[in-house]
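See below for the structure under consideration.
Counting starts at 1 for both ligands and their atoms, in listed order. Scope of the values below: all heavy atoms of this structure, side chains included, with no hydrogens, waters or symmetry mates. Residue numbers start at 1 and run along the sequence shown.
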Amino acid sequence: MHPTRARFARKTAVATASGVAVTAGTFLVVGFSPRWVVVAIAQTVLLALPDAVLAAGIQGLGSTSQPLLVAGSAGLAVALFAGLAAIADRIGRVGDRQRAEVVFLAGALQGLAVFLLSVAPVAAVVGGAFGAAVVGLAGPPPPGDVDRVRRGVVRSAGVAAAAVGLAGAGPLARAIGGGTTGSEQREPVERDPLVERLLDTATERSFDLSGAEPLVSESFYVVDKNAADPRVNPQTWSLRLTGAVDEEVEVDLDAVESRPAAHRFVTLRCVGDKLNGRKLDTAVWTGIPVADLLKEAGVQPDGCCVMVRAADDYYQEFPLSALKDGFLAYRMNGRRLPRGHGAPVRALIPGHWGEINVKWITEIEILEEEATGYWEERGWHGTGPVSTVAKLHHVETDDGGVSVGGHAYAGTRGVSAVEVSTDGGDTWSEADLTDRLPGATPADADPEDPDAVGGAAADAWRGWRYEYQATGEHEVIVRAIEADGTVQPSAERDPFPSGASGWVSRTVRP
Ligand SMILES: Nc1nc2c(c(=O)[nH]1)N[C@H]1C(S)=C(S)[C@@H](COP(=O)(O)O)O[C@H]1N2
Ligand SMILES: [Mo]
């Protein structure tokens with residue numbers, strides 16, 4: 001290799017290795033959290049997206065495009081820190097500095113950048129130290145001895161690899177040791193016998209439909225604005241009731257968990273869910289009614305609205321009347337609420353679009369005038385009741401027999417029937433429906449008592465199934481009927497801005 005080319009290759013390799021080391025070193029300190037530089041960059045990228053992309057795409061961000069965003073941001077992070085190492089190198093050469101000064105300058109620039117991005121001082125120091133170590137170990141730029149160039153590059157690549165290994169070892173050790181970090185460590189919970197009973201009931205009542213979830217979702221969708229979810233310390237978490245109250249109320253997790261709880265089946269649907277999409281799921285949640293807290297704070301029952309805030313700086317404004325029926329959940333299907341679903345405590349607002357079911361909830365402010373929430377500022381209208389939908393996720397054909405099925409959901413309006421047309425909408429037949437899931441069940445109910453699991457869930461989906469004979473290609477259409485007889489509206493609408501609507505249809509080829 002030509003000496004000039006070799007020197008350039010070396011510089012690039014050392015700078016890149018240094019960038020990798022900073023990125024890995026900061027991960028070692030803060031893990032996959034909002035304070036990791038990569039996540040901070042991802043969050044900045046999200047904010048910089050044009051409104052149109054944000055408005056139409058982002059409520060669908062959920063789990064699908066998230067890995068892509070994180071990978072791209074990791075690339076940006078490495079490039080940024082590599083660039084700073086190169087700048088340090090350049091300043092060193094122009095000013096004819098000592099090698100130690102260049103090494104220090106590289107680390108200082110990188111550490112400063114880490115701090116500006118993530119406001120995490122320990123990560124800044126460790127990141128800068130890792131970056132500087134790589135530059136230092138590469139040794140001074142050799143005057144043209146290709147072998148020495150190679151040795152320097154190998155050394156710095158080695159350090160970068162070690163940093164990545166070290167950064168990877170932490171989460172791995174945590175995963176092996178039970179999956180939690182120090183401050184998050186809490187006793188695992190035994191599943192309550194009552195929850196077991198509710199889950200069994202849901203299993204018994206589910207139709208066995210390939211391609212569709214059972215009545216309690218096996219995989220519950222995740223949607224939020226975060227590249228990495230906040231990690232809330234349950235020991236220091238609290239929820240405050242502020243604003244137009246007689247008296248501010250603050251409860252910590254012990255206070256929430258020691259109140260009389262209930263178990264409820266609640267279905268969530270994202271306003272960004274496509275007409276026949278899969279951002280619709282159900283779980284049994286354990287928690288306490290919001291109404292008691294409102295009473296304790298002396299909230300006027302005829303107030304207009306509330307702003308609910310969360311640990312990820314999310315905020316949603318919606319009517320006080322909707323919050324009154326709300327629920328503060330700290331368990332999901334009998335387990336501690338997972339981090340991705342809002343640990344330690346989230347709000348569940350019956351019959352309303354997912355977006356006001358605030359995760360990682362920290363504050364309820366009672367407002368006297370309307371305000372605008374996070375998604376409303378971005379063009380969505382998702383603070384109201386859900387629209388009615390009948391999903392068609394299961395289609396199976398076998399020798400002239402066709403079986404179709406899915407779920408129907410109408411929020412608190414309830415589903416009384418699902419109708420299917422196999423002739424393009426001329427005639428309609430009634431599908432089989434799963435029995436309604438049980439209603440709110442007090443946590444102190446006797447699991448052996450059949451009446452303990454009583455009533456019907458006010459806010460849960462129902463499964464449907466329809467079997468018929470057909471030979472030629474045809475169009476299947478489904479629609480839900482609400483409890484009061486209202487037929488689901490047929491007008492088709494995209495998810496943006498007010499939620500998808502219309503009758504789901506699919507072509508079936510027996
Ligand atoms: N704090 C917070 N809560 C949030 C969000 C968020 O970005 N931050 N996203 C909302 C949206 S848009 C939806 S659809 C639901 C999804 O809840 P899930 O991820 O548990 O399914 O959470 C809501 N709660
Ligand atoms: Mo959503």
Numbered in order shown, the ligand 1 atoms found under 4.0 Å of a heavy atom of Cys270 are 14 (S)
Is there a donor-acceptor contact under 3.5 Å linking the side chains of Tyr374 and Trp380?
-> no
Mind checking whether Val216 and Phe265 have side chains closer than 4.5 Å, heavy atoms only?
-> yes
Between Arg269 and ligand 1, which residue portion shows a heavy-atom distance shorter than 4.0 Å: side chain, backbone, both, or neither?
-> neither
Nitrogen or oxygen atoms of Glu355 and ligand 1 under 3.5 Å apart = no
Quick check: does Val222 get an N/O under 3.5 Å from an N/O on ligand 1?
-> no
For Asn357, take its heavy atoms, then give the atoms of ligand 1 lying under 4.0 Å from any of them.
-> 22 (O), 23 (C), 24 (N)
Student check: side-chain heavy atoms of Gln488 and Trp503 closer than 4.5 Å = yes
Salt bridge Glu377-Lys225, side-chain N to carboxylate O under 4.0 Å = no
Which atoms of ligand 1 have any heavy atom of Asp224 under 4.0 Å away?
-> 5 (C), 6 (C), 7 (O), 9 (N)
Trp285 vs His341 aromatic rings, parallel, tilted or perpendicular, using cut-offs 30° and 60°?
-> perpendicular
For Ala310, counting its heavy atoms only, list the atoms of ligand 1 lying under 4.0 Å from any of them.
-> 1 (N)
Does NZ or CZ of Arg264 lie under 6.0 Å from the centre of the six-membered ring of Phe327, at an angle within 45° of the ring axis?
-> yes
Out of Trp360, Trp353, Tyr221, whose heavy atom is nearest to atom 14 (S) of ligand 1?
-> Tyr221
Gln316 to ligand 1, any heavy atom closer than 4.0 Å | no
Say whether Asn226, considering both its backbone and side-chain N or O atoms, lies within less than 3.5 Å of an N or O atom on ligand 1.
-> no
For Phe220, counting its heavy atoms only, list the atoms of ligand 1 lying under 4.0 Å from any of them.
-> 21 (O)
For Thr242 and Glu363, test the side chains for any donor-to-acceptor distance below 3.5 angstrom and give the result as yes or no.
-> yes
Would you say Arg413's side chain and Val386's backbone share a donor-acceptor pair under 3.5 angstrom?
-> yes
Under 4.0 Å, heavy atoms only, figure out whether ligand 1 is touched by the backbone of Trp375, its side chain, both or neither.
-> side chain
